[in-house]
Protein chains: 2
Amino acid sequence: MRASDKAYAALREDIVEWRLAPGTVLAEVEQSERLGVSRTPLREALGRLTAEGLTTAGGRGVVVTDISLEDIDELFELRETLEGKAAALAARRGDAATFERLQRELLDAPGLIAGGKPALHDYYELVGRLDAAIDAAISNSYLAQAMRSLRVHLVRIRRLAADDACRLTAAAAEHAAIAEAIAAGNPKLAEAATVIHLHRSLSHVKAAHASHPKEHHG
Amino acid sequence: MRASDKAYAALREDIVEWRLAPGTVLAEVEQSERLGVSRTPLREALGRLTAEGLTTAGGRGVVVTDISLEDIDELFELRETLEGKAAALAARRGDAATFERLQRELLDAPGLIAGGKPALHDYYELVGRLDAAIDAAISNSYLAQAMRSLRVHLVRIRRLAADDACRLTAAAAEHAAIAEAIAAGNPKLAEAATVIHLHRSLSHVKAAHASHPKEHHG
DNA sequence: ATGGACAGCTGTGTATACACTGATGCTGTC
DNA sequence: GACAGCATCAGTGTATACACAGCTGTCCAT
């Protein structure tokens, strides 16, 4: 693995996991020493992070981007647009059997969610497979790329909202509805199911954020 | 101006203006000598270009990305999604007076288009102002960022379709319709006007590309 | 004659040294 | 005492040197 990849992965993880708080300045020498790489690959890593929007390169040094409540609204506004369209396209172009299989798995997901932490990982992996299946089905690299760049920020937000079993069970049902609509080849329904899911997710995140607003900033 | 900025601007211009054909490998030493900068800032420039999708960093060296007819369809599929949503949001949140002024200017645009090359530049600048006004009105940095990254590729395509006065006149009317709908605060209408405009643009580009398919590849 | 292995080369990945810029703090003068 | 100017320094921007990997061409062996 290249040193720049290592630095990129480490920094990205640190930011997404909120170990590096928003506003932190990432001085090149300091970070290169901390991560055990030279300044050159570190700069490449910082460039990639900045291109993704996780950091901003304003003025002196790059700083970790802040994510506020307004940002969450904006983020979900774009997400609704992109993922709604993606679901609709997947319903038109996707393979029905693939999504029927995913739907069945998602309907069984509550068992996984109740099963504790190791099984929980299987659930997240299942949702990831649904995302990947949609990505593949839309056969639009530009749209897929736009969604990928969006998901980085979403993961960051997800860490703010401690997903409880109750919300995850509901989310699984919503995901199953999306898969069902895509399998049925119904674009409007798939888009509607996606919009519903995203709105519920947003409400949950905002509620969690409102009840523990400073958890990660102290 | 930093050397990396200079290299980035030069390479980006070369790619967008089709002076660097798709498939061209951008060897670091070769390009750094050609542009008169060192390898370090050149690598940063290449990284930015790759992040934007103008180049790909597969295997050995970075190569200029190809743009095919399928890519154009995919590109406009995403563009319709993003700009349609943007127009709708602008209609909801934008300042009516601003867009009324833009609409009046756009209705006068046929005079500019007929006026030859210097006046033509004014027309392009006017369309750019409409884009900027929409960007500002939506007040969603993530959506704006997604549209910015998309426009890079659109400029590249625009160079393929030699815009004639006839098409530009029609486009001006379509832009005026978009501005009017936004000024009227009608989101559905603004989105519809945008979708119409983009479909006409796409048809024009594809027609031009079909009649001169190899113009830029010889 | 053909296949494999080794050497050389081309080109990227990384490290480090140097230059320049912006800021901050100290000192001198008004 | 306050402000202006200069010096020092921290930190980024750039260049270059070095290491390593992949490919290619040639030579030797079968």
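Throughout, a chain's letter reflects where its sequence line sits, starting with A, and its residues are numbered from 1.
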- Item | Test log, rule side chain to side chain contact (heavy atoms under 4.5 Å, CB included), inputs A/F76 and A/K206 | CA-CA 11 Å; A/F76 270 77; A/K206 287 174 83 167; over 6 Å; no
- So A/L126 and A/L102, side chain to side chain contact (heavy atoms under 4.5 Å, CB included) or not? Walk me through it. CA-CA 8 Å; A/L126 174 56; A/L102 283 167; 4.0 Å; yes
- Task: Quick one: do B/E77 and A/K85 satisfy side chain to side chain contact (heavy atoms under 4.5 Å, CB included)? Show the steps, please.
- Result: CA-CA 9 Å; B/E77 206 165 70; A/K85 180 73 170 185; 4.2 Å; yes
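Proximity of B/D71 to A/Y142: side-chain heavy atoms (C-beta onward) are separated by under 4.5 Å at one or more points.
Taking CD of B/E83 as the reference point, atom CG of B/L143 lies at 9.0 Å (rounded to 0.5 Å).
Side-chain contact check for B/S201 and B/R167: at least one donor-acceptor pair (N or O, by modelled atom type) lies under 3.5 Å. In the model, B/S32 has no side-chain atom that pairs as donor or acceptor with a side-chain atom of B/S38 under 3.5 Å.
Taking the six-membered ring where the residue is Trp, B/H175 and B/H197 present tilted rings, their angle falling between 30° and 60°.
In this structure, the CD atom of A/E28 is 11 Å from the P atom of D/dG11, given to the nearest Å.
Between chain A and DNA chain C, the heavy-atom contact criterion of under 4.0 Å yields a 5' to 3' nucleotide range of C/dG13 to C/dA23.
A distance-only check finds a donor-acceptor pair linking the side chain of A/T55 to the backbone of A/T50 [under 3.5 Å]. Not one N or O on the side chain of B/H199 forms a donor-acceptor pair closer than 3.5 Å with the backbone of B/E80.
Near-neighbour residues of DNA chain D inside residues 5-12 of chain A, defined by a heavy atom below 4.0 Å, are absent. Residues from residues 35-55 of chain B that place a heavy atom under 4.0 Å from any atom of DNA chain D, listed by number: B/V37, B/S38, B/R39, B/T40, B/P41.
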